[in-house]
Structures are given as structure tokens and as C-alpha cells.
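Step one of this worksheet: look at the structure below.
Computed from a predicted structure; not experimentally measured.
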Amino acid sequence: MAFRRRFLKTDEDRAVLDRAASAGDWGRAMADGFAQGIGFHAEYKSRTACLVEIDARDPKAPRVTRAVIAVDVGRPINPRGLEAQMLGGLTDAISTTLTAGLHIDKGLPLEGSYSQFHYARQRNSPTDVRVIVMPAHGEPGGAGELGVPAAVGAIANAYARATGTRPRSFPVHFPVDFEPFPR
């Protein structure tokens, strides 16, 4: 948190990071195998910060248990749609960070269809998610995939803190029930 905050360039960036950290109770004590992680991303006149909590008592089956997302898009045109966009970004981040990826073996993909991609399902989503839309100001910014990078960073950071292992490739967990595409 201190490192990220030190290198942010604007007061608006710091406000979003600070809001996610305060709403998520950044730095609170957690049991072994649990940890918080935080991430930040800015693009297209918008910015977001995501704080997640992870249960990685079993490092091969980590689970995001809580998320707080603060988002500033200048003037939000559809705040409820923006909240939904951030939730979708969180789901994408959970998927690509923890379970979903394209795996290559001897030059061929192991996933033969979307059913083998291991994209997050409802059971993989945290039950405690809060999206905070910052007060309107200025012109509207973009939201597109704004929520994905901050959430990916937060999840990877939380996993590293919970397990003591910094992930170097993603997804960090190759699903146990993975059945490669028959050749």
C-alpha cells in the first residue's frame, strides 16, 4: 500500500486507493493462510483500486473471500452499470489469476472448449463485495475493462502474502479436475 501510494501521480489516484484501503480495513490482522492484497489501475481518464482478502490455507485451492473496489470515472453516466462493470472485472480477475488459462503441451492447447477453460462460476465469487463509486466531477471517463488489472494485482498480492510465494505465472492454480482435450 505504501509503495503503491508513493508512486501515484495525482490526488485523484491517491483518493481512490485510500478509499479502497479505508473501506476494506487495510492492514488488519489476519489468521495464517489469509491475507489482503491491493491493486490500482488508471486508464482513459478513470482510475480504480481493489482490495481483496484471500483464503489460501490450501495454496492449490485459493479463494477470494472479500473485495472492496473504489472507482472514479469522472462523471458516471450510469452508476449501477459501472458497479456491474467492476463486478465483471473482479470475476475476470479471479478467473485469470487463479484458475482459467490456456495451457500448451507440445505445441497444442490442452483446452478444447470453453467448458475446460475453468472460468469463475458463482461459487468462486466472494459473497462480500462492495463497489464504491467516487463522487462525480469533470467529464466522463472510460470503464471498459478498467476493473480487471487492479483486481488481478490485488489477488496476486494477497496470494503472495498468504502463501509466502510470489506467483510468476498465471493461473496460480491448475485445476485438479482438469481433463485435457482428447487428441
Side-chain angles (χ1 to χ4, degrees), residues 1-31 34-56 62-98 120 124-168 170-172:
M1 171 69 181
F3 173 83
R4 173 57 57 209
R5 193 172 194 289
R6 188 170 126 207
F7 288 99
L8 293 177
K9 296 178 178 151
T10 70
D11 289 339
E12 290 87 356
D13 292 351
R14 284 183 285 281
V16 167
L17 186 67
D18 291 346
R19 186 69 175 107
S22 66
D25 195 18
W26 171 256
R28 71 183 179 88
M30 301 187 81
F34 291 84
Q36 293 178 315
I38 198 158
F40 175 87
H41 179 69
E43 67 180 21
Y44 305 112
K45 303 179 196 174
S46 298
R47 58 207 46 87
T48 188
C50 180
L51 178 147
V52 300
E53 294 181 1
I54 198 167
D55 174 355
R63 177 171 170 70
V64 175
T65 58
R66 181 174 177 237
V68 176
I69 303 164
V71 60
D72 177 359
V73 295
R75 181 166 307 283
I77 303 304
N78 178 352
R80 293 297 306 248
L82 180 58
E83 288 176 22
Q85 191 76 10
M86 295 301 106
L87 290 172
L90 176 64
T91 302
D92 285 350
I94 290 168
S95 300
T96 58
T97 308
L98 298 179
N124 306 114
S125 298
T127 56
D128 184 358
V129 179
R130 182 172 174 202
V131 178
I132 301 161
V133 178
M134 299 296 278
H137 64 90
E139 294 297 316
E145 294 182 356
L146 180 68
V148 178
V152 166
I155 295 165
N157 287 332
Y159 183 85
R161 292 179 80 196
T163 64
T165 303
R166 293 177 190 231
R168 299 289 184 220
F170 297 94
V172 297

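Annotation: side chain to side chain donor-acceptor pair (under 3.5 Å) contacts of D13 (sequence neighbours excluded): T10, R47. Every residue meeting the side-chain contact (heavy atoms from CB on, under 4.5 Å) condition with T96, not counting sequence neighbours, appears here in chain and number order: V152. Shown here are the side chain to side chain donor-acceptor pair (under 3.5 Å) partners of Q36, two or more places apart in sequence or in another chain: E53. In this structure, R75 has no side chain to side chain donor-acceptor pair (under 3.5 Å) partners at least two apart in sequence or on a different chain. Partners of L82 under the side-chain contact (heavy atoms from CB on, under 4.5 Å) rule, at least two apart in sequence or in another chain, are V71, V73, P76, M86, V133, A143. Among residues two or more places apart in sequence or in another chain, the side-chain contact (heavy atoms from CB on, under 4.5 Å) test is passed with Y44 by none. Partners of R19 according to the salt bridge (charged side-chain N to carboxylate O under 4.0 Å, His left out) rule, which considers only residues two or more places apart in sequence or in another chain, do not exist here. Under the rule for a salt bridge (charged side-chain N to carboxylate O under 4.0 Å, His left out), R166 has no partner lying at least two apart in sequence or in another chain. For R80, the salt bridge (charged side-chain N to carboxylate O under 4.0 Å, His left out) criterion is met by E83, not counting sequence neighbours. Applying the side-chain contact (heavy atoms from CB on, under 4.5 Å) rule to A154 yields the partners C50, V52; only residues at least two apart in sequence or on another chain are considered.
Of the options D55, T97, T163, L98, a side chain to side chain contact (heavy atoms under 4.5 Å, CB included) to P62 is made by L98 and by none of the others.
Proximity of D18 to M1: side-chain heavy atoms (C-beta onward) are separated by under 4.5 Å at one or more points.
Here CD1 of I132 is found 12.0 Å from CG of D72. Values are rounded to the nearest 0.5 Å. Rounding to the nearest 0.5 angstrom, the gap separating the CD1 atom in I69 from the CD atom in Q85 is 11.0 Å.
The ring-ring contact (aromatic ring centres under 6.0 Å, His included) analysis of residues 5-24, with sequence neighbours excluded, yields the pairs F3-F7. Sorted by first and then second residue, the salt bridge (Lys or Arg N to Asp or Glu O under 4.0 Å) pairs with a member in residues 138-162 form an empty list; sequence neighbours excluded.
Nearest approach of P126 to I94, heavy atoms of both residues: CD-CD1, 3.6 Å. Residue A21 comes nearest to I38 through the heavy atom pair CB-CD1, 4.1 Å, listed as atom of the first residue, atom of the second, then distance. Here the shortest heavy-atom pairing between L17 and A49 reads CA-CB, 3.7 Å. Minimum heavy-atom separation, I77 to P140: CD1-CG, 3.8 Å.
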